[in-house]
Amino acid sequence: MSSSAEGRYNARAVEGKWQQAWTEAQVFAASEDRSKPKYYVLEMFPYPSGRIHMGHVRNYTMGDVVARYKKARGFNVLHPMGWDAFGLPAENAARDKGVHPANWTYQNIADMRADLKSMGLSLDWERELATCHPGYYAHQQKLFLDFLEKDLVYRKESDVNWDPVDHTVLANEQVIDGRGWRSGAVVERRKLAQWFFKITAFSEDLLAALGELERWPERVRLMQTNWIGRSEGLKLKWAVPKGPAGQKEIEVYTTRPDTLFGASFLAVAADHPFAQAVAEKDPKAASFIAECRRGGTSIVDIETAEKQGYDTGFRASHPFGAGRGVPVYIANFVLMDYGTGAIFGCPAGDTRDFEFATKYGLPIPWVVCAPGESAASMASRTEAYTEKAGSIINSEWLDGLEIPAAIAKAIDKAEAMGIGQRTVNYRLRDWGASRQRYWGCPIPVIHCDSCGVVPVPAKDLPVLLPDDVTFDKPGNPLDHHPTWKHVACPACGKQARRETDTLDTFVDSSWYFARFCSPRDGEPMDRAAVDYWLPVDQYIGGIEHAILHLLYSRFYMRGLKETGHVGVKEPFAGLFTQGMVCHETYQNPAGAWLTPEEISRAEDGTLTETATGAPVTVGRVEKMSKSKKNVVDPGSIIDTYGADTARWFMLSDSPPERDMEWTTAGVEGAWRFAQRLWRMLNEALPTLDAAGPANEAGASLRRATHKTIAAVTEDIEQFHFNKGVARIYEFANALNEHKAADGAAKREAFETLVKLVGPMMPHLAEEMWAALGHETLLALAPWPVADADLARDDLVTIAVQVGGKLRATLSLARDAAKELVEAAALADDNVRRAIDGRAVRKVVVVPNRVVNVVV
RNA sequence: GCGGGCGUGGCGGAACUGGUAGACGCACACGACUUAAAAUCGUGAGGCCAAAAGCCGUGAGGGUUCGAGUCCCUCCGCCCGCACCA
């Protein structure tokens with residue numbers, strides 16, 4: 001039973017019907033049709049957790065609006081879907097439930113695919129891919145080897161957080177108070193050979209090109225700018241004449257060489273070679289270094305750690321020959337992997353150095369004079385002067401210069417002396433991509449004692465994950481596998497070992513958008529296909545990926561370009577970051593969190609726990625999360641109200657970039673509107689084809705129709721979906737008020753309404769389209785075009801102010817002469833009362849808008 | 001600490017380049033229909049005032065302007081990102 005004019009709109013029956021119709025007609029299958037402009041819409045692909053959540057619904061609804069709209073506008077649209085399918089949860093499920101990661105993952109994909117299909121998205125499912133499928137990761141291995149050949153990936157020793165119980169490397173976020181988040185064991189810092197992508201090779205370009213990403217949110221560009229962290233400065237060598245063997249000089253990096261004469265100490269990182277050399281003969285230094293290392297790498301640890309230094313007893317000579325030189329400290333706050341791992345401390349110009357100097361009784365030479373201060377007044381300060389304005393003092397040949405000039409002169413001098421070098425430094429570090437896990441893409445190399453690292457030959461690709469693995473002991477199952485890692489060296493034939501690390505799952509998501517262009521090709525990508533489709537025109541996803549995923553993808557595209565796979569370097573021409581879906585939180589008297597379904601709402605609005613009758617405390621509106629239990633399952637919403645209702649509510653009210661609150665009342669409102677549209681159409685249907693001349697009401701309705709087309713089109717273009725929804729509500733109200741309009745005007749209005757609603761509630765719109773008598777799919781129909789002449793009002797409402805305060809409004813012909821408008825305004829009763837006999841000094845007339853009478 | 005964003009009715013939010021603040025929706029109230037309820041339809045609504053007139057009103061205070069939610073200055077509050085970056 002489908003819907004009928006008498007009955008309600010039966011969303012469940014109707015939605016399945018149209019989904020099937022779209023599939024059968026292959027409406028959303030994309031091909032490289034060069035007769036049309038292309039448009040590639042992509043939402044961040046999901047991790048297959050098993051069920052979609054409201055965040056997905058919001059994300060994919062927005063993408064679908066854009067995809068359907070662009071298609072109607074005549075674009076050749078690519079809108080694919082896939083699965084970010086590798087990752088730790090599958091291994092956890094394997095360990096906890098005994099199900100193989102592959103089975104667990106593919107079952108989840110099947111479940112989630114069904115959920116997504118129930119949303120009625122305009123996806124080309126023929127292009128579906130899963131990163132855990134050999135048909136995907138085989139190509140990723142090929143790309144890895146291409147990158148290896150171009151030195152875009154390399155292996156080096158690096159410090160990691162090592163969990164000695166679980167035998168695994170932990171990310172910083174997984175270390176809590178210095179202990180492993182799962183095992184609780186004290187985490188060790190270990191040096192381990194790891195694979196790194198050379199993202200720093202593109203630091204400058206990744207930064208500079210941000211300026212051209214005009215359709216990216218400013219916020220994201222800024223976050224990436226800060227992450228890359230470019231600075232300009234000087235690398236400068238300080239001699240340590242009596243230093244330990246092989247450590248007769250220390251190179252520091254500074255952005256403030258103008259303050260060099262204010263130096264009162266040098267400090268090196270605990271891992272700095274100088275510190276290591278000192279420690280060899282100085283047990284106290286060694287224990288200080290060990291102490292530094294013990295401190296965790298987590299943010300909290302770093303923040304709370306007290307700034308400490310160890311005086312090595314060595315002195316460095318000032319490069320410009322000033323004074324007696326300065327002491328060299330080992331300090332816990334100096335980072336080995338930023339700059340040179342060594343700094344000079346200028347207490348007068350840096351808060352942290354000031355504290356350090358005070359703590360250890362070091363001199364504080366004042367070398368910058370703030371504007372309006374004197375050398376004497378500066379010397380009496382009790383804190384560092386960190387502003388970058390002022391002139392240099394107490395600095396020999398830099399005295400009197402402004403800071404920028406002093407910086408330039410100091411650098412020139414250091415370069416001329418051959419002890420320094422102008423340097424651009426970046427905060428960005430290479431991307432450590434090794435993971436000691438099973439459920440990831442195997443790194444296709446072999447370690448041979450004679451030949452070193454040997455790439456797996458092309459004929460032996462892909463390196464498949466073995467199926468027969470166990471998860472009963474801690475550590476990497478690939479490493480435990482009895483036979484998998486033992487292979488002959490491809491170069492010399494001797495016994496060798498496979499690499500047992502797998503790739504970070506961020507690698508999988510760094511090129512999937514390119515694979516979508518030719519998802520079944522025998523090569524990673526078909527050059528003609530990527531040249532046609534890339535870059536993605538509109539990418540949509542959460543702000544949480546502002547840095548890592550988006551930056552890695554930008555790096556990967558550059559790597560793909562260098563290895564000849566693509567021709568462009570930016571993956572995403574347009575980016576939109578949507579807000580989160582939130583919900584009220586509920587707690588019972590015992591403080592336990594309750595789900596929205598466990599709550600009953602009484603007539604007077606008070607809430608109780610359904611099972612016990614206990615009162616419920618309503619907490620803050622927060623992001624839907626399992627821990628707070630404030631989640632609503634999209635499946636049950638779609639079952640009850642239909643996908644269109646869920647989609648419509650997602651688009652209503654809240655601006656898409658902002659967080660939204662999911663409420664029952666809101667969903668019901670959306671559902672009522674869907675019903676109302678269906679009812680309105682069926683009431684009007686018999687009158688739409690009535691013969692008769694165009695009438696006044698019809699002209700008025702047509703104005704509303706064409707205004708609405710213009711407004712909704714603009715709103716969708718601008719991603720102002722909530723405003724577009726409001727315009728559609730207004731238009732529905734207008735239709736209601738123009739029942740007397742002639743049939744042709746009403747038919748035009750209804751057909752327009754259906755087309756505008758189409759991207760948002762595609763099933764209902766398709767059903768209405770059919771009811772209007774169309775035998776072709778709305779999904780294939782073109783977007784309506786606004787006629788500016790028809791949209792124009794003949795009468796305009798003009799506000800009349802006296803002294804800036806609104807006193808009256810006038811309804812006058814559009815573009816009436818100024819004198820006429822002014823006269824009409826002054827003749828108005830309310831206006832005359834407000835003027836109250838005072839002299840009119842001036843009358844400001846803004847055409848078609850406002851008259852302001854100045855008294 | 002550095003950087004960014006945001007403060008508008010009971011709520012979510014509109015308001016083009018400075019020109020009728022509160023569109024639209026939710027919630028609410030009243031009315032119609034109904035035996036009744038639901039659904040639906042209609043009406044109302046920023047605050048003060050019995051109402052009209054009027055006055056007040058976009059976090060607070062000041063300024064520019066004929067006119068400020070919008071521009072400028074000072075302050076307050078909330079949110080987010082980065083954070084020993086030399």
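In what follows, every chain begins at residue 1, and chains take the letters A, B, ... in the order their sequences are listed.
- The nucleotide whose nearest atom lies closest to any side-chain atom of A:I343 is, among B:rC55, B:rU20, B:rA86, B:rA86.
- B:rA23 is unpaired under the Watson-Crick or G-U wobble criterion, no partner having all donor-acceptor distances under 3.5 Å.
- Within 4.0 Å of A:D353, counting heavy atoms only, lies no atom of the nucleic acid at all.
- Taking the ring centroids of A:Y641 and A:F649, they lie at or beyond the 6.0 Å cut-off.
- In this structure, the nucleotide among B:rC82, B:rC55, B:rG19 sitting nearest to the side chain of A:V846 is B:rG19.
- With distances taken from any side-chain atom of A:S231 to the nucleotides B:rA86, B:rA14, B:rG4, the minimum falls on B:rA86.
- Across all strands shown, B:rG77 is found opposite B:rC6 as a Watson-Crick or G-U wobble partner, with both distances under 3.5 Å.
- Within the nucleic acid shown, A:D337 has no heavy atom closer than 4.0 Å to any nucleic acid atom.
- When each of B:rA15, B:rA86, B:rU20 is scored by its nearest atom to the side-chain atoms of A:K723, the top-ranked nucleotide is B:rA15.
- Checking B:rU20, B:rA14, B:rC41 against every side-chain atom of A:N736, the shortest atom distance belongs to B:rC41.
- Between A:F333 and A:F356, the gap from one ring centroid to the other is short of 6.0 Å.
- Residue contacts for A:Y338: at a heavy-atom cut-off of 4.0 Å it reaches a base atom on one of the strands shown.
- The residue A:V850 sits close to a base: some heavy atom pair falls under 4.0 Å.
- Atom CG of A:L222 and atom C1' of B:rG4 are 6 Å apart (whole Å).
- Checking B:rA14, B:rU20, B:rA86 against the side-chain heavy atoms of A:V334 singles out B:rA86 as nearest.
- Nucleic acid contact for A:E730: sugar-phosphate only, since backbone atoms but no base atoms lie under 4.0 Å from a heavy atom of the residue.
- Shown here, B:rA86 forms no base pair; nothing in the strands shown gives a Watson-Crick or G-U wobble contact with both key distances under 3.5 Å.
- Base-pair partner of B:rA14: not found among the strands shown (Watson-Crick or G-U wobble, both distances under 3.5 Å).
- If you check every strand for non-hydrogen atoms under 4.0 Å, A:L335 touches a base.
- In this structure, A:T340 and A:Y729 both approach RNA chain B, and ranking their closest nucleotides by distance from the 5' end singles out A:Y729.
- Nucleic acid contact for A:S652: none, since no nucleic acid atom lies under 4.0 Å from a heavy atom of the residue.
- A donor N or O paired with an acceptor N or O is found under 3.5 Å between the base of B:rC16 and the side-chain atoms of A:R849.
- Closest approach to the A:K307 side chain among B:rC56, B:rC84, B:rU40 is made by B:rC84 (side chain taken as heavy atoms from C-beta onward).
- In this entry B:rA29 has B:rU43 as its Watson-Crick or G-U wobble partner, both defining distances falling under 3.5 Å.
- For A:V844, the side-chain atoms get nearest to B:rG19 when compared with the rest of B:rG25, B:rG19, B:rC26.
- Ring geometry for A:W678 against A:Y9 counts as tilted: the plane angle lies between 30° and 60°, on a 0 to 90° scale.
- Using the six-membered ring where Trp is involved, A:H549 and A:H545 have ring planes that are perpendicular, over 60° apart on the 30 and 60° scheme.
- Residue contacts shown for A:R833 are limited to sugar-phosphate atoms, with no base heavy atom under 4.0 Å away.
- The side chain of A:N852 lies closest to B:rC66, out of B:rA21, B:rC66, B:rC24.
- Distances were taken from every side-chain heavy atom of A:N226 (C-beta onward) to each of B:rG19, B:rC26, B:rG3; the shortest belongs to B:rG3.
- Two residues, A:E668 and A:R352, neighbour RNA chain B, and the one matched to the more 5' nucleotide by heavy-atom proximity is A:E668.
- Side-chain atoms of A:H318 come within 3.5 Å of backbone N or O of A:L260 as a donor-acceptor pair.
- Shown here, B:rG69 is classed anti by the O4'-C1'-N9-C4 or O4'-C1'-N1-C2 angle, which is more than 90° from 0.
- Annotation for A:K388: atom NZ does not count as buried by contact number, only 12 or fewer foreign heavy atoms lying within 6.0 Å.
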